[in-house]
2 protein chains.
Amino acid sequence: MSNLTTRELIVETADQLFYQQGFEHTSFSHIAGAISISRGNFYHHFKTKDEILDAVIRLRLAKTQKMLDQWEAEGKHPRERIQSFIQILVMNKKDIKRYGCPVGTLCSELAKLNHGSLVDANALLTLFRTWLRKQFVLLGREADADQLAMHVLAFSQGVATLANAFKDEKFIKNEVNQMLDWLKRCEENMSSSESASAPELTGER
Amino acid sequence: MSNLTTRELIVETADQLFYQQGFEHTSFSHIAGAISISRGNFYHHFKTKDEILDAVIRLRLAKTQKMLDQWEAEGKHPRERIQSFIQILVMNKKDIKRYGCPVGTLCSELAKLNHGSLVDANALLTLFRTWLRKQFVLLGREADADQLAMHVLAFSQGVATLANAFKDEKFIKNEVNQMLDWLKRCEENMSSSESASAPELTGER
DNA sequence: TCAAAAATAGGACGAGCATCCTAATATGTC
DNA sequence: GACATATTAGGATGCTCGTCCTATTTTTGA
């Protein structure tokens with residue numbers, strides 16, 4: 001953390017504070033104070049609060065993309081990759097319990113603020129969505145890949161919201177296990193009654 | 001709306017604005033302006049912003065309780081009652097698309113603000129949770145009733161979050177249909193592989 | 001080495017905020 | 001009809017916010 005540009009330090013700190021306290025509730029002074037920098041210096045790097053938000057979103061996009069790329073580079077089975085995504089919830093359960101999902105809560109807040117950057121924040125969700133869709137296609141679920149991707153995404157959002165509200169880590173593990181079972185069945189009997197409104201199909205590839 | 005006390009008018013308006021704009025982003029002036037009342041008058045009814053929040057939460061609790069009571073009084077099958085809950089998403093899809101879930105987004109915001117009223121807002125979620133649990137017990141799923149209740153709750157939260165972020169109403173209908181199918185299966189083969197980590201059991205009642 | 005540029009500090013600004021206060025008006029009660 | 005009480009109005013206060021500005025220091029490059 002010490003070999004960072006001041007600008008990078010600002011963005012990293014803003015990233016954390018936006019996550020922990022929300023975008024609106026985090027002020028210039030908060031960020032400046034957290035890294036012992038004057039507000040004047042601050043303004044030299046970012047003219048408006050929205051500029052910081054943009055930078056934070058771009059940082060998150062880059063980090064997320066890198067993570068997804070790594071998962072693909074490891075040469076694992078698509079099912080294992082989706083499992084990796086689901087396991088994020090368990091890995092970050094402590095933060096999720098305290099602050100919820102970084103992506104979901106940001107999107108919710110920006111939606112309420114009617115903030116223009118909501119579309120940018122959405123790109124984060126879309127990144128996951130597209131990536132998950134690709135994995136489901138590789139699993140032979142071309143026809144309903146996007147639906148399944150959205151289902152997994154919705155699952156993670158719902159679990160994060162409740163774990164945060166109820167301050168319950170065990171619930172995360174519980175739901176994750178159910179989801180992993182669902183994923184297994186998803187692959188086993190692809191033309192079964194699972195994922196109900198999905199069109200019939202027998203694993204093409 | 002016209003036969004309401006000023007106090008009730010304030011709470012109703014605050015309820016809407018908190019939902020649409022968020023708690024923090026909604027000021028005294030917003031609420032006062034929305035009903036053409038002076039801030040001074042306002043202060044006569046509520047001394048602090050937190051008092052309004054409490055009143056809003058109490059209002060929501062009352063409304064929710066009333067709705068749940070009605071569903072139970074209609075003498076329907078427990079499955080139909082759970083269906084009613086799931087259908088809320090479709091009924092309110094327009095608002096959910098614009099503002100997300102009223103309960104979930106409030107809890108998320110209060111969690112970020114580290115606000116003491118989070119526990120009160122949680123009572124709303126707990127109301128649904130307890131009610132759903134009861135319905136699942138009536139369905140003969142005593143052993144994992146709470147788990148199923150939380151699952152339904154998480155589902156609705158996830159769908160609301162994504163519908164809000166992606167501004168997508170169709171997604172709501174889609175997921176709701178899947179959920180209704182899941183519920184059907186939930187009842188049909190209670191000891192099957194569905195709801196995976198649930199302990200084995202054969203419909204006691 | 002020395003001027004140009006980048007970085008930092010810290011104060012000033014107008015606006016909006018929650019809160020508080022006092023004065024005017026309405027309402028109900030004896 | 002008069003008086004206590006409830007309600008309304010609107011201004012005052014002190015604070016924090018995002019933003020902006022001007023000095024000072026540090027770094028850079030020829």
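Values below: every heavy atom of this structure, side chains too, minus hydrogens, waters and symmetry copies.
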Salt-bridge contact B:K170-B:E175 (side-chain N to carboxylate O under 4.0 Å)
no

Check the phosphate of [N] against [X], side-chain N and O only, distance under 4.0 Å to OP1 or OP2. Yes or no?
| X | N | value |
| --- | --- | --- |
| B:T6 | D:dT8 | yes |
| B:N41 | D:dT7 | no |
| B:Y43 | C:dC20 | yes |

Is B:T26 touching bases, backbone alone, or none of the nucleic acid, heavy atoms closer than 4.0 Å? sugar-phosphate

Separation of atom [atom1] in [X] from atom [atom2] in [N], rounded to whole Å:
| X | N | atom1 | atom2 | answer |
| --- | --- | --- | --- | --- |
| B:K47 | D:dT7 | NZ | C1' | 13 Å |
| B:F42 | D:dG10 | CZ | C1' | 15 Å |
| B:L113 | C:dC17 | CG | P | 16 Å |
| A:H25 | C:dA18 | NE2 | C1' | 13 Å |

Taking C:dT19, D:dT19, C:dG10 as options, the one with an atom nearest any side-chain atom of B:T48 is C:dT19

Checking D:dG10, D:dG18, C:dT8 against the side chain of A:S38 (C-beta onward), the nearest is C:dT8

Is the ring pair B:H25/B:H30 parallel, tilted or perpendicular, if the boundaries are 30 and 60 degrees? tilted

Note: for A:R39 and A:H44 on DNA chain C, the residue whose nearest nucleotide lies more 5' is A:H44

**Request:** Kindly say whether B:A32 contributes a backbone atom to a donor-acceptor pair with the side chain of B:S36 at under 3.5 angstrom?
**Result:** no

With distance as the sole criterion, is a donor-acceptor pair present between the side chains of A:N164 and B:S108 under 3.5 Å? no

